[in-house]
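Notes follow once the structure below has been shown.
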Number of protein chains: 2
Amino acid sequence: MTKADSNVDRIYEKLRKMAADFEFKPDARINESALSTELGASRTPLREALNRLVAEGFLTFQSGRGFFCRPLSPKLILDLYEARVAIETEIVRLVCRRASEEDLQDLMGFLKSTEPDYDSSDDPMELLSMDEAYHMRIAALSQSNELVRILENLNDRVRYIRLVDLKYLRGKTPVSTQEEAQLSAHRVVLTALINRDEDKAVSTMRHHIERRRDEATEAVRIAYSQLYVPAD
Amino acid sequence: MTKADSNVDRIYEKLRKMAADFEFKPDARINESALSTELGASRTPLREALNRLVAEGFLTFQSGRGFFCRPLSPKLILDLYEARVAIETEIVRLVCRRASEEDLQDLMGFLKSTEPDYDSSDDPMELLSMDEAYHMRIAALSQSNELVRILENLNDRVRYIRLVDLKYLRGKTPVSTQEEAQLSAHRVVLTALINRDEDKAVSTMRHHIERRRDEATEAVRIAYSQLYVPAD
DNA sequence: GCACTCAAAATTGTATACAGCACAATATTC
DNA sequence: GAATATTGTGCTGTATACAATTTTGAGTGC
C-alpha cells in the first residue's frame, strides 16, 4: 500500500467533498465502520482525515460519541459571509497596493474571456465555479498565502448554500439581470483596482458580498427542505 | 482509559502548546514513536492530534515522510499579521454597529482595571496575555463566532513572535513609552466605538496592528537566534 | 401509556503488529 | 577515489484486536 500519493489524502479529499456537499446531514452522526468500508480503508486513516476536517470546521467531534456533521443554521452562514467580507475586502486593499498593471490587465482578460460563458450557461454549479475562480484569482494577487488559505476554507464551507441560493432564489429575478449584476460588480471592482481607487474597490467588493449574505437565511431554509425531502 | 474528558484532547492541547512555543524547531521532523512515549500514549491518538494541528497551520505533513513543524519566516509572520488586520478591522466595524452601550462600558471598565497591571508588570508574557484578552473581548462583542475562531487561531500562531518582539525590541524604546502607546491605542479604539465613530475605530485598530507588523522581520531574526542558541 | 432498569448490541478509543518506504551507511565497480 | 549499487535500520502507514463506553430496546412496574 502507501502509493506515493498516499491514501489518507485521498480519503481526506473525498470526505471534504462529501462534507461540503452535506452528504452527511446537519448534526448527523458519522458511523466510522460503515464509512471506512464504503471508502475501502480502515478506521485508522479515516479517523485521521476526520480529525483534519474537525479542525477545518466541516465536522464536529464529541469525545466518546464520535464525529458529527457540522450544523447548518442561518447564524452560521451569516458568520461565514461576514468572515468572507473581512477577508475579501482586505484582499482587495492589498491587491490595489501590490498588483502590477500587467497582473490586473491579465485578470481583465480573464474576466472578459469568461463573460460569454456567464451569458450562455445557466448551470448554477458552473456559474458558481466561475465566480469562485475569479475571486480566488484576485486573492492570489494579494500575495498573502494566509488570506488565500482562509478564503478557500470559507468558500468550501459556504458553497452548498451559495449553490442553493443560485438555484432557487433566481426564480424571483430574471436570470440575466442577476448575472449582469454579478458581472458588473466584478468589472467595477477590477476597474477601480486598475485606477488604484482603493476605497471604491473595497466598498464595491463589500457590497457585492453583503448583497448575497442577506439572502442566506432564506437559502438555509430551502437547503433544509432539499436535504430532508426525498430526491426527485 | 478514555476518561470522560478524553485522551486525544489532552494530547492535542499539549501538542498545540508545544507547537505554538516552537518546542519543535522550524521545519524539524517530528518523531512519532518518541513523542508518543513522551506523552504516554500510543501513536494512534497522537497522529489524530497531529492531523488536527496540520489543518490549523501549526504543523505540516508530507506523505511518507511524516509530520514537521511549520516553518518560520518573515513572510509567514507578515501574512499572519495581515490576516489579523483583516479580521480585527472587520470585528471593530461589527462591534461599532452591534455592541450595546452597556457592553462597551463594561469593556472600558475592564480596560481601566487592567491599567495598573500594565504599568506595574514588566513580564512580557503577562503583558501579552492582557493584550490578547482585551482583543478577544472586543472580538466577542462582534457576535461573529467565525471571526473569533479565526482570530484565536491567528493569535496562537503568531504568539511566539509577538513575545520575542515584546522581550527584545523593547530595549530600543523605554518600556513605559511602549506600554503607553499600546494602552492609548486601546483607549482610542474603545472611545471611538463608544462614540460610534466607525472609521476612526477601524483605522486606529489597523494602525495599532500594522505598527507591530513592521517589526516582524527583525523579531523573526531574533527568534531564530533564540531557538538555535544554547539556553542560558 | 409512561418511565425506569438493565442486559445485549453497536460503536468508539487505543494499543499493537507488521508491511513497506525513506534515508543513511556500507560495499562495489570502474 | 568518485560514483553508483546494495544493504540495513528506523520510521511511517494501515489493519486489526480488544477494552471501554454509549446506545438500543425489551421487559417490568406503575
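Bear in mind that the values here come from a model prediction, so they are computed numbers and not experimental data. Quick note on labels: first sequence line is chain A, next is B, and so on, each numbered from 1.
Sorted by first and then second residue, the pairs that involve residues 52-77 of chain B and meet salt bridge (charged side-chain N to carboxylate O under 4.0 Å, His left out), not counting sequence neighbours, are B:D9-B:R52, B:K75-B:D79. Residue pairs meeting the ring-ring contact (aromatic ring centres under 6.0 Å, His included) criterion with at least one member in residues 138-159 of chain A: none, sequence neighbours excluded. Legend: side-chain hydrogen bond (donor to acceptor under 3.5 Å, both in side chains) pairs involving residues 38-49 of chain B, not counting sequence neighbours, sorted by first then second residue: A:R47-B:E48, A:E48-B:R47, A:N51-B:E48, B:E32-B:R43, B:E32-B:R47. Evaluation of the ring-ring contact (aromatic ring centres under 6.0 Å, His included) test over residues 130-159 of chain B, restricted to residues two or more places apart or in two chains, returns B:Y134-B:H186, B:H135-B:H186, B:H135-B:H208. The ring-ring contact (aromatic ring centres under 6.0 Å, His included) contacts involving residues 61-95 of chain A comprise A:F61-A:F67, where partners must be two or more places apart or lie in separate chains. Residue pairs meeting the salt bridge (charged side-chain N to carboxylate O under 4.0 Å, His left out) criterion with at least one member in residues 127-136 of chain B, sequence neighbours excluded, are B:D131-B:R162, B:E132-B:R159.
Between the CG atom of A:L35 and the P atom of C:dT12 there is a distance of 10 Å, given to the nearest Å. As a whole-Å value, the separation of A:I11 CD1 from D:dA15 C1' is 12 Å. One interatomic measurement links the two molecules: CG of A:L39 to P of D:dA15, which rounds to 11 Å at whole-angstrom precision.
Close to D:dT14, at under 4.0 Å from its OP1 or OP2, lies no side-chain N or O of A:S42.
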Protein-nucleotides 7-11 of chain C N/O pairs closer than 3.5 Å?
residue	atom	partner	partner atom	Å
C:dT11	OP1	A:N31	ND2	2.8

Which side-chain N or O atoms in residues 16-25 of chain B pair as donor and acceptor under 3.5 Å with protein atoms at least two apart or in another chain?
residue	atom	partner	partner atom	Å
B:R16	NH1	B:D156	OD2	2.7
B:K25	NZ	B:L227	O	3.4

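B:F61 comes within contact range of the sugar-phosphate backbone alone, with a heavy-atom separation under 4.0 Å but no base atom that close.
Taking every heavy atom of residues 43-54 of chain B and every atom of DNA chain D, pairs under 4.0 Å involve B:R43, B:R47, by number.
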Chi angles and distances behind the salt bridge (Lys or Arg N to Asp or Glu O under 4.0 Å) call for B:R206, A:E90:
CA-CA 11 Å; B:R206 172 180 292 277; A:E90 190 67 16; 2.9 Å; yes

